[in-house]
Amino acid sequence: MYNSKIIGLGYYVPDNVVTNDDLSKIMDTTDEWIQERTGIKERRHIVRGEDTTTSMGVKAAKIAIERSGVANDDIDFIVFATISPDYYFPGPGVALQQELGLKTVGALDIRNQCSGFIYALSVADQFIKTGMYKNILVVASEVQSLGLDMTDRGRGVSVIFGDGAGAAMVSREVDTTKGILSTHLHSEGQHAKELAVLAPGMGGRWITDIIADNNPDDESYFPHMNGQFVFKNAVVRFSEVINEGLQANNLQVSDIDMLIPHQANLRISQFIQQKFKLTDDQVFNNIQKYGNTTAASIPIALTEAWELGKIKDGDTVVLAAFGSGFTWASAIIKW
C-alpha cells in the first residue's frame with residue numbers, strides 16, 4: 001500500500017483582467033456592490049481565439065510537470081476536471097494528452113463542478129494507493145466567461161465567475177505518513193437545480209428545442225443560482241467535511257497549517273475561518289483577483305500559496321469545496 005503525494009503544481013490565468021468597474025459599464029452593478037457581497041475585485045476572462053479550456057489546462061500542466069521532474073513518458077494517467085469542455089464530447093482529457101504529446105495513456109474527465117478538483121485528486125489517490133499507477137496528472141480548467149449572461153438579467157451570477165486552470169502531478173509515496181492522507185466526497189442531488197445550467201440537455205431541452213423556440217427570454221442555458229440557499233448549505237457542508245477529514249486522521253483544528261477553500265465567495269471563506277477560529281496565516285484566498293473559477297479555483301489557490309512560501313514541508317494542508325450538485329469534498333494532506 002502506498003500513499004500519493006503532490007510533487008508538482010502549476011496554474012495559468014488569462015492576461016485579460018476584467019475589473020468590477022469594467023462590468024459596471026455593461027450591466028447595472030457597482031464595484032462596491034460586488035465587493036460587499038462576494039469580495040471579488042477583478043477576474044480573468046479569456047480572449048476568444050487565444051485560450052480554451054484545454055489550452056489553459058495544457059499551460060498549467062506544463063508548469064506542474066516541469067516542477068515535478070517527471071518525464072512525459074513516465075506519466076501514467078490523466079484526470080481532467082471541468083464543466084466547460086471545448087466540445088460536448090469528447091472531453092478535454094484526450095485533447096490534453098494529444099497537446100502534451102503523451103503516450104496513449106488513459107484520460108478520465110471529471111464533472112463535479114466546484115468540487116471537481118478534489119474529486120479528481122481522490123480518483124488519482126486511489127489509483128496510486130492500489131499500485132495501479134505511479135504518476136498521475138490532475139488538471140482542472142474552466143472557461144466560464146463565454147457562457148455567462150452579461151446583461152442586467154444575469155448580473156447576480158455573472159459578476160462572480162472567472163477563467164483559469166490549475167494542475168498537480170500526483171505521484172507514489174512510500175512513506176504513508178506523508179502525502180494525501182484521506183479524501184472525503186459527498187453529494188445531495190435533491191438540490192441539483194438550485195445551482196445549475198439546465199439546457200442544453202438530453203433529459204430536457206436540447207439545442208434543437210432552443211432553436212425552435214427562438215425565445216429571447218429563455219434563460220435555461222445560462223447559469224442559475226439560488227444564492228442565499230447555496231450560501232446557507234455551503235457553510236454547513238464546508239464545516240462538516242473539514243471536520244470529517246480531521247477526525248478521520250485524529251487531527252485537531254489547531255493542527256491545520258493551511259486551509260485552501262474553494263473560492264466560491266470570500267464571505268463563505270471568512271465565515272468558515274471565523275467558525276474554526278483560524279488566523280489569516282492559516283487560510284488562503286485569492287478570489288479577490290480571480291473570481292470563482294469553479295473546479296480550477298483550488299489548484300490555482302494551492303499553487304499560489306505554495307509559490308508564496310505559505311506551504312512548507314511537513315505542513316498539514318486541508319482542501320475543501322462545495323458546489324453545484326450539490327457536491328462537497330475535502331482532502332487532508334501532509335506536505
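Model, not experiment: these values are computed from the prediction.
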| query | Quick one: which of D31, T38, T29 gives a side-chain hydrogen bond (donor to acceptor under 3.5 Å, both in side chains) with N20? | reply | D31
| Once the angle between the rings of F271 and F231 is folded into 0 to 90°, is it parallel (under 30°), tilted (30 to 60°) or perpendicular (over 60°)? | perpendicular
| Parallel, tilted or perpendicular, as decided by the 30° and 60° cut-offs, for the rings of F326 and H191 |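 The rings of H191 and F326 sit tilted, inter-plane angle from 30° to 60°.
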Could you check whether [Y] and [X], counting side-chain N and O atoms only, form a donor-acceptor pair closer than 3.5 Å?
X	Y	result
D125	S4	yes
T82	S84	yes
D255	T316	no
Q273	D280	yes
E240	H186	no
H262	S297	yes
Q263	N285	yes
E304	N286	yes

Mind checking the [atom1]-[atom2] spacing from [X] to [Y]? Nearest 0.5 Å is all I need.
X	Y	atom1	atom2	result
D213	I211	CG	CD1	10.5 Å
N249	I332	CG	CD1	6.0 Å
L195	F229	CG	CZ	11.0 Å

Could [X] and [Y] be called an ion pair, given the rule that one side-chain N must be under 4.0 Å from one carboxylate O?
X	Y	result
E32	R37	no
D28	R155	yes
K62	E99	no
D51	K59	yes

Closest approach of [X] to [Y] (non-hydrogen atoms, all atoms of both residues):
X	Y	answer
A124	V138	CB-CG2, 3.7 Å
N3	I128	O-CG2, 3.7 Å
I272	S239	CD1-OG, 3.6 Å

| said: Quick one, E173 and I7 - any side-chain contact, counting heavy atoms below 4.5 Å? | reply: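 No, too far: nothing below the 4.5 Å cut-off.
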| field | Heavy-atom side-chain proximity of Q126 to T183 below 4.5 angstrom | value |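 Answer yes - side chains close enough.
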So for atom [atom1], which belongs to [X], do other residues, nucleotides or ligands contribute more than 12 heavy atoms lying within a distance under 6.0 Å?
X	atom1	value
R205	CZ	yes
Y87	OH	no
K129	NZ	yes

Quick one: side-chain hydrogen bond (donor to acceptor under 3.5 Å, both in side chains) partners of [X], sequence neighbours excluded?
X	value
R267	Q270
E194	N226
T177	D175
E66	none

Using only atom types and a distance under 3.5 Å, with no angle test, would you say the side chain of [X] pairs donor to acceptor with the backbone of [Y]?
X	Y	result
N292	F161	no
D315	W335	no
Q97	K103	yes
N135	D74	yes
Q113	T294	no
R43	I160	no
S158	D149	yes
R67	L9	yes

| query | What about W206 and Y88, are their ring centers closer than 6.0 Å? | reply | yes
| Set of residues satisfying side-chain contact (heavy atoms from CB on, under 4.5 Å) with respect to N112, sequence neighbours excluded |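 N112 satisfies side-chain contact (heavy atoms from CB on, under 4.5 Å) with I110, Y119, T327 once adjacent residues are dropped.
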| said: Let's go through T19 and K41 carefully: what are the C-alpha distance in whole Å and the side-chain angles of both, what is the deciding distance for side chain to side chain contact (heavy atoms under 4.5 Å, CB included) to 0.1 Å, and is it a yes or a no? | reply: CA-CA 6 Å; T19 66; K41 298 179 181 179; over 6 Å; no
| task | Decide whether F284 and Y11 are clustered together by the hydrophobic rule: side chain heavy atoms of Ile, Leu, Val, Met, Phe, Trp, Tyr closer than 4.5 Å, transitively. | result |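 Different clusters.
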| query | With a distance cut-off below 6.0 Å to the six-membered ring centre and an angular limit of 45° from the axis, does R172 pair with Y2 as a cation-pi contact? | reply | yes
| Partners passing ring pair (Phe, Tyr, Trp, His ring centres under 6.0 Å) against Y290 (at least two apart in sequence or in another chain) |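 With neighbours one apart ignored, the set is empty.
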